[in-house]
Protein chains: 2
Amino acid sequence: MSFNYAILGLLNTKSMTGYDLKKLIQKSSFLYWSGNNNQIYKGLLHLQNKDLVTNEIEHQDGAPSKKIYTITPLGKKELRKWILESPKEPPEFKKDFLIQLACSSDLETDEITTILNQYKESIEMKIIMEQELLRRQEPIPMRNKNVEFIWKMIKKNLISTYENELVWLETVRNGIKN
Amino acid sequence: MSFNYAILGLLNTKSMTGYDLKKLIQKSSFLYWSGNNNQIYKGLLHLQNKDLVTNEIEHQDGAPSKKIYTITPLGKKELRKWILESPKEPPEFKKDFLIQLACSSDLETDEITTILNQYKESIEMKIIMEQELLRRQEPIPMRNKNVEFIWKMIKKNLISTYENELVWLETVRNGIKN
DNA sequence: TCATCCATGTAAAAAGTTACATGATTTT
DNA sequence: AAAATCATGTAACTTTTTACATGGATGA
């Protein structure tokens, strides 16, 4: 369950509520989950039971009470252990279009061209949405140059992967025509 | 549920048993599911209830009976409809390493270098495994040049995505050193 | 002899998503 | 007047994985 480590990692940068976590997860797409309540509030409960986080209740008038979660020293230790000692999994890809393309042997050439173009459009749309998400993020002050650089590269990663898919697509489109 | 369409697509190339489907799915990694019994046998039942496939029982002595599944004309129609009319989803990525890297701000530079190297190794290993899987596949005779070309490109797709990840990684590694 | 292959299926659990529920405040 | 924001949580469902169960044949 890397989801719980993800929220532990977010709490390591800043104490916050489940609702704050939800918004962060929904905004950044490298955190690939939907950011639904169920996972977040269950995850926080689990982290609390393991003494990796604590919470402090802040009452507000005219607004629901907040539970502000904070990572514990044990939590920091566990997070560090996860980063350094857990296996670095290779990325996983779900490309349903490849399955559709693999089934396309009965189609006419122009039908294949059509679905290739549809895939191209859907990726281009996705890239635009990603870039829009990045533009809306407020810049966070970073401790040092390395941290800033890494953050920039993480933001670039997904877009780079989508753009690589476009390059591959272009090769397919050109190969079909000839 | 693209899984059911995937098995429908496999049955479109050739009639076969659930066990055959299982092996095919486990071998080709662009079919990203585990290829477990539960999904396959339930999927086949579902396709059968919708009259998209039929089966013929073949008794064998000294071996368990086979149920050989065949796609129906209705199944072919439904598959074609899925390929042409369903939305072409952009690819989805799960990169837990990006989360680990995003949590790395408390680490020393040499610790970051270490986890970057671990990620590099895990991707390189994955590429080797992918290429080995491709080498073991017996070449299938193709109807025409286009189909053959598309098949070749599908095989190249995942490896291309892994290699793009290596390129990105190299940029990160170089940026950290300076 | 012990493991793997063939071939079917079921059970149980984990992981993840959508929708429901509440209720005040602010924005459209 | 309707919808969105804030803030918590639960319920129901789908999807996916792991493990269980059977049993003869074959291979190391």
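What you see below is based on every heavy atom in this structure, not just the backbone, and it leaves out hydrogens, waters and symmetry mates. By convention in this document, chain letters (A, B, ...) are assigned in the order of the sequence lines, proteins followed by strands, and residues within each chain are numbered from 1.
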Q | Close approaches to DNA chain D from residues 43-55 of chain A, in residue order (heavy atom, under 4.0 Å) | A | none

Q: Scan nucleotides 13-18 of chain D nucleotide by nucleotide, 5' to 3', and note B when protein non-hydrogen atoms come under 4.0 Å of the base, S if they reach only the sugar-phosphate, - if neither.
A: --SSBB

Q. Is there a donor-acceptor contact under 3.5 Å linking the side chains of A:Thr114 and A:Asn117?
A. no

**Q.** Positions of residues 9-24 of chain B (non-hydrogen atom under 4.0 Å from DNA chain D), listed by number
**A.** none

Q: Indicate whether any N or O donor in one side chain lies under 3.5 Å from an N or O acceptor in the other, for A:Asp51 and A:Thr72.
A: no

**Q.** Bounds of contact between DNA chain C and chain A, in 5' to 3' order, using a heavy-atom cut-off under 4.0 Å
**A.** C:dA15 to C:dT25

**Q.** nucleotides 22-28 of chain D: protein proximity per nucleotide (B base, S sugar-phosphate only, - neither; heavy atom, under 4.0 Å)
**A.** -B-S---

Q) Would the A:Phe93 and B:Phe30 ring centres measure less than 6.0 Å apart? A) no

**Q.** Salt bridge A:Glu111-B:Arg80, side-chain N to carboxylate O under 4.0 Å
**A.** yes

Q | B:Lys81 with B:Glu78: basic N within carboxylate O range, under 4.0 Å | A | no

Q: Would you work out how much the helix from C:dT1-D:dA28 to C:dT28-D:dA1 bends between its ends, with each end axis defined by five base pairs, to 10 degrees?
A: 40°

**Q.** Least distance between heavy atoms, B:Ile159 atom then B:Ile127 atom
**A.** CG2-CG2, 4.4 Å

Q.
Around atom CD of A:Glu92, are there more than 12 heavy atoms from other residues, nucleotides or ligands closer than 6.0 Å?
A. no

**Q.** CD/A:Glu56: more than 12 non-hydrogen atoms of other groups inside 6.0 Å
**A.** no

Q: Give a yes or no on whether A:Gln26 atom CD has more than 12 heavy-atom contacts from other residues, nucleotides or ligands under 6.0 Å away.
A: yes

(Q) Taking atom CD as the centre, does A:Glu132 end up with more than 12 heavy-atom neighbours from other residues, nucleotides or ligands that are less than 6.0 angstrom away? (A) yes

